[in-house]
Amino acid sequence: MTVLKTSMRNFLAHKGRMALSAVAVLLSVAFVCGTLVFTDTMNATFDKLFANVASDVSVAPKKDDDAQETGKPQALPAALQGKLAKVDGVAKVEPHVTSMQLTAVNGKNKSLSPTSGAPTVGTNWDESQKKSVEITSGHAPHGPAEAVLDSDTADKHGVKTGDKLRVIAVPGDFTVSVVGIATYKTTNPGAALLYFDTATAQAKLLGSADAFSSYGLTAASGVSDDQLKERVTAVLGSSAGDYAVRTAAESKEENKKDVGSFLDVMKYALLGFAGIAVLVGIFLIVNTFSMLVAQRTREIGLMRAIGSSRPQVLRSVLTEALLLGVVGSVLGIGGGIALAVGLMELMGSMGMKLDLGELTVKASTPVVGLAIGVIVTVLAALLPAFKATRISPMSALRDAGTPADGKAGKVRATIGVLLTALGGLALAAAAKADDATSGSGMLGLGVFLTLVGFIVVGPLLAGFVVRVLSAIVLRVFGPVGRLAERNALRNPRRTGATASALMIGLALVAALSVVGSSMVASATDQLDKSVGADFIVQSENQQPLSPAVVKAIKGAGHVEHVTEYTVVNAKITTPDGKTATKRLSAVTPTYADDVRAETVKGKLKDAYAKDAMSVPAGFAKDNGIKLGDRLKVAMTGGRTAELTVNAITSDDTSIDQGAMYTNIATVRTYLPADRMPLDFMVLAKAADGRTKDAAAALKASVEQYPQVKVRDQSDYKKLIQDQVGQLLNMIYGLLALAIIVAVLGVVNTLALSVVERTREIGLLRAIGLSRRQMRRMIRLESVVIALFGALLGLGLGMAWGTTAQKLLALQGLGVLDIPWPTITAVFLGSAVVGLLAALVPAFRAGRMNVLNAIATD
């Protein structure tokens with residue numbers, strides 16, 4: 001009980017000093033709990049949605065991953081409805097039509113498709129839709145000229161009942177009037193939804209009045225879902241293998257798989273960044289308790305002198321850590337719930353409306369948050385606590401602190417250098433790897449070892465690097481700058497630990513910047529070297545181009561030629577009898593002019609001859625394929641062709657790496673028209689000297705198709721840069737939490753060091769140092785520590801990024817590009833961070849009363 005009282009008294013006496021450490025625990029726990037609450041809420045919301053829309057038993061086509069991308073969804077014959085209606089135990093059969101291969105366009109020729117990447121979904125309106133949505137304005141669709149639109153899309157684009165929409169689908173374009181607005185009862189998954197009457201959906205989305213996408217069966221009273229599934233399967237007989245027959249529970253689980261995989265990626269990515277913040281927070285907590293123990297050397301010595309045992313001192317310090325962990329964790333759990341609400345609002349702004357009433361806080365979430373916060377805090381305080389037990393009663397006669405352990409410092413430096421060297425060797429091995437898989441393993445090992453090595457060797461580096469930085473940055477400030485340098489060098493371990501916290505976040509920023517910049521530079525270089533086409537035409541929503549779009553492009557003026565590009569799924573049998581499922585790039589022969597693919601044997605143009613193809617060098621080597629060999633190519637949904645290998649292409653490229661080329665005319669010989677995949681890209685070459693005219697003509701040709709974009713090479717390069725930039729900005733935003741915790745560490749270190757140096761500050765003020773000079777000294781000390789951490793982090797990150805680029809070179813991304821403007825901005829930004837971190841500690845140091853400071857023990 002005495003230990004607890006003492007710990008409570010010390011904790012409350014130093015609550016100001018503990019505050020920033022508590023904030024670090026709070027942020028780390030909040031990130032973890034917020035992620036868990038958010039993903040649990042998403043899962044619960046989708047579970048409810050899937051439960052609402054699931055039929056007792058559903059019958060759908062069996063999913064075929066090798067199906068050709070024809071733009072039309074898989075379908076079932078309409079005649080199957082009558083057969084299913086006769087199954088014993090079926091009360092009702094509802095046919096469903098669903099397609100995601102469409103675009104809705106308003107009267108201003110603007111696409112209504114979500115910008116988040118979610119699809120536009122067209123479906124038929126029937127009674128089953130009322131489980132998930134209700135028409136809140138207007139009425140259900142009747143006839144081919146009517147449709148109902150979801151309320152979120154209508155609100156976003158200002159669509160009202162009575163407005164006309166043009167629907168672009170593969171079977172053809174058609175115009176409808178919006179006669180109703182439907183509102184989700186649970187959540188809108190982010191898609192734009194259009195409802196049509198059943199006959200219209202069949203004809204306009206599937207292109208057939210004799211087909212449906214799936215059937216929903218309602219079980220009669222007293223018949224379970226499992227019993228009905230067995231009876232349906234029995235009636236289907238030998239053809240049951242062609243269908244996916246599922247109960248409501250199975251449909252729910254199947255839908256959860258698709259959403260769950262996305263949510264799991266998001267969950268573990270966010271938890272990974274939370275782990276980085278926790279790691280950085282450990283440095284802050286270790287520093288805090290190390291300084292508190294050093295400042296209480298006399299106090300602990302007195303406790304030992306009056307009879308406190310070593311275990312009691314240990315328990316006292318760990319109890320303070322426990323209190324810190326509990327307080328920070330409890331606040332962090334609350335902060336995590338608030339963060340989850342913020343993420344839900346963010347998702348809402350992107351089109352996925354999540355009801356706050358569905359907020360799910362599982363019992364395990366606060367337990368996990370409390371466990372992480374408490375365990376991390378107590379473990380971080382262990383080393384300072386053990387140091388506290390080594391304080392002898394005689395220390396009560398000293399002012400403060402304990403002498404440094406020189407032997408321990410040498411051992412630490414040796415271990416740090418050894419780990420860094422081993423990490424460097426691992427990075428070198430990764431950079432020279434011939435295989436991406438083994439190279440990735442060595443890269444991960446190298447990152448881990450060099451990070452730990454730099455953390456361990458930090459104090460040794462501080463003595464050298466801080467002196468160099470001080471000579472450049474601090475010496476110009478005269479005696480005040482020298483004092484700041486001495487303060488930073490006074491305790492290398494403290495400086496090293498403080499800088500290491502900042503180093504971790506900045507190392508990741510630098511590594512990702514190098515990788516991202518190199519990816520953009522490599523793709524740009526490949527475009528310059530390989531792409532001869534003037535224009536690249538693609539759909540914005542990653543859907544294939546409809547025949548109407550391709551026809552319009554071919555009719556554009558001032559164009560020398562148009563190259564079609566599609567992908568065909570096929571099974572290839574090699575001369576040695578092995579079979580492999582591959583995707584063939586089926587193109588028109590002008591592709592050889594539009595994309596200059598390097599060959600190691602043969603000429604690429606010969607691959608476009610009748611019944612000919614090319615294979616990549618790696619595939620040829622693995623399967624012993626030579627020029628002139630004939631491969632059996634069984635095209636999914638069509639006949640088997642025997643194609644002659646007329647070219648072997650190089651794997652040393654990022655554009656179409658590993659592609660197998662053949663003539664699109666050859667593919668049409670072996671595939672029925674209804675199984676022929678649509679073009680997903682079209683390339684165009686302008687007539688000589690008519691580039692601007694061709695650009696205008698191409699854009700005019702697709703003007704009625706706002707989802708289709710015409711880009712020249714500079715536009716395409718910008719697209720790549722923007723996509724990589726958006727990804728990096730998102731990652732930087734998540735890393736910002738770790739950097740914020742690191743900055744708090746700098747603030748806490750400075751604040752505690754000001755308290756530790758109270759008498760010293762008083763003496764400096766007494767011999768003539770002004771308040772302004774005192775504040776400047778603290779700020780300069782903070783700046784040099786921040787720059788030290790930045791220098792280590794950026795150097796380490798560039799080494800990681802450079803190694804990663806060497807591995808990417810195996811995938812054709814062979815250009816290393818160091819983003820010096822970004823690196824320089826981050827380094828200079830670190831100095832600003834150091835200045836800001838020192839504002840409060842410097843202000844407090846400047847306000848100290850000289851006489852009271854001198855009198856402080």
Side-chain angles (χ1 to χ4, degrees), residues 31 34-35 38-39 42 110-120 156 189-192 261-274 276 339 342-352 354 505-527 536 538-543 654-655 680-681 706-740 797 800-801 804-805 808 811-813 815-823 825-826 829:
F31 209 152
T35 299
F38 175 67
T39 52
M42 291 275 283
K110 299 293 184 183
S111 172
L112 305 186
S113 297
T115 55
S116 61
T120 298
K156 182 177 179 181
S261 59
F262 165 73
L263 291 179
D264 283 345
V265 170
M266 180 188 295
K267 176 180 178 178
Y268 293 120
L270 289 174
L271 288 177
F273 287 103
I276 295 169
L339 177 62
L343 288 172
M344 291 170 67
E345 293 293 339
L346 177 63
M347 295 298 288
S349 68
M350 297 172 62
M352 185 180 290
L354 295 171
L506 296 185
L508 291 170
V509 168
L512 291 168
S513 295
V514 171
V515 171
S517 183
S518 297
M519 288 175 65
V520 172
S522 298
T524 299
D525 181 67
Q526 285 289 333
L527 280 169
I536 301 167
Q538 289 177 302
S539 177
E540 192 82 334
N541 52 14
Q542 305 304 311
Q543 291 181 359
S654 61
I655 294 180
F680 80 85
M681 180 173 68
Q707 81 278 18
V708 178
K709 301 298 178 185
V710 177
R711 297 184 177 91
D712 59 21
Q713 289 198 27
S714 61
D715 292 333
Y716 204 78
K717 291 173 185 176
K718 187 177 184 302
L719 175 67
I720 295 171
Q721 187 174 1
D722 289 345
Q723 289 175 339
V724 173
Q726 288 173 3
L727 177 62
L728 290 179
N729 288 337
M730 182 178 67
I731 295 174
Y732 293 158
L734 294 171
L735 283 174
L737 177 63
I739 295 173
I740 289 171
W800 295 348
Q805 186 277 324
L808 290 174
Q811 306 300 318
L813 298 170
V815 178
L816 173 64
D817 184 66
I818 306 293
W820 289 112
T822 301
I823 300 297
V826 170

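Note that this is a predicted model, so its numbers are computed, not measured.
- Annotation: side chain of I276 is in contact with side chain of L735 (closest heavy-atom distance under 4.5 Å).
- Annotation for K110 and P706: closest pair C-CG, 4.4 Å, computed over non-hydrogen atoms.
- Interatomic distance, CD1 of I536 versus CD of Q713, reported as 6.5 Å (0.5 Å rounding).
- The CD1 atom of I720 lies 10.5 Å from the CD atom of Q526; values are rounded to the nearest 0.5 Å.
- The two residues A192 and P114 come nearest to each other via the heavy atoms N-CG, 3.7 Å.
- Rounded to the nearest 0.5 Å, atoms CD1 (I823) and CG (L506) are 9.5 Å apart.
- The heavy-atom pair separating D712 from S714 by the smallest distance is OD1-OG, 2.8 Å.
- P819 is listed as a side-chain neighbour of V514, based on a closest heavy-atom distance under 4.5 Å.
- A distance-only check finds no donor-acceptor pair linking the side chain of S517 to the backbone of I818 [under 3.5 Å].
- With contacts defined as side-chain heavy-atom distances shorter than 4.5 Å, the pair I731/F273 qualifies.
- To the nearest 0.5 Å, atoms CD1 (I739) and OH (Y732) are separated by 10.0 Å.
- Of the inter-residue distances, the one linking T120 atom OG1 with Q707 atom CD reads 9.5 Å to the nearest 0.5 angstrom.
- Not a single donor-acceptor pair under 3.5 Å links the side chain of S539 to the backbone N or O of V708.
- Shortest non-hydrogen contact noted between G34 and L339 is CA-CD2, 4.2 Å.
- Listed here is the closest heavy atom pair of A510 and G797: CB-CA, 3.8 Å.
- Under the 3.5 Å distance criterion, the side-chain polar atoms of N729 are matched with a main-chain donor or acceptor of G725.
- In this structure, K718 NZ and R711 CZ are separated by 10.0 Å, a value rounded to the nearest 0.5 Å.
- Between L527 and Y716, the shortest heavy-atom distance links the atoms CD1-CD2, 3.9 Å.
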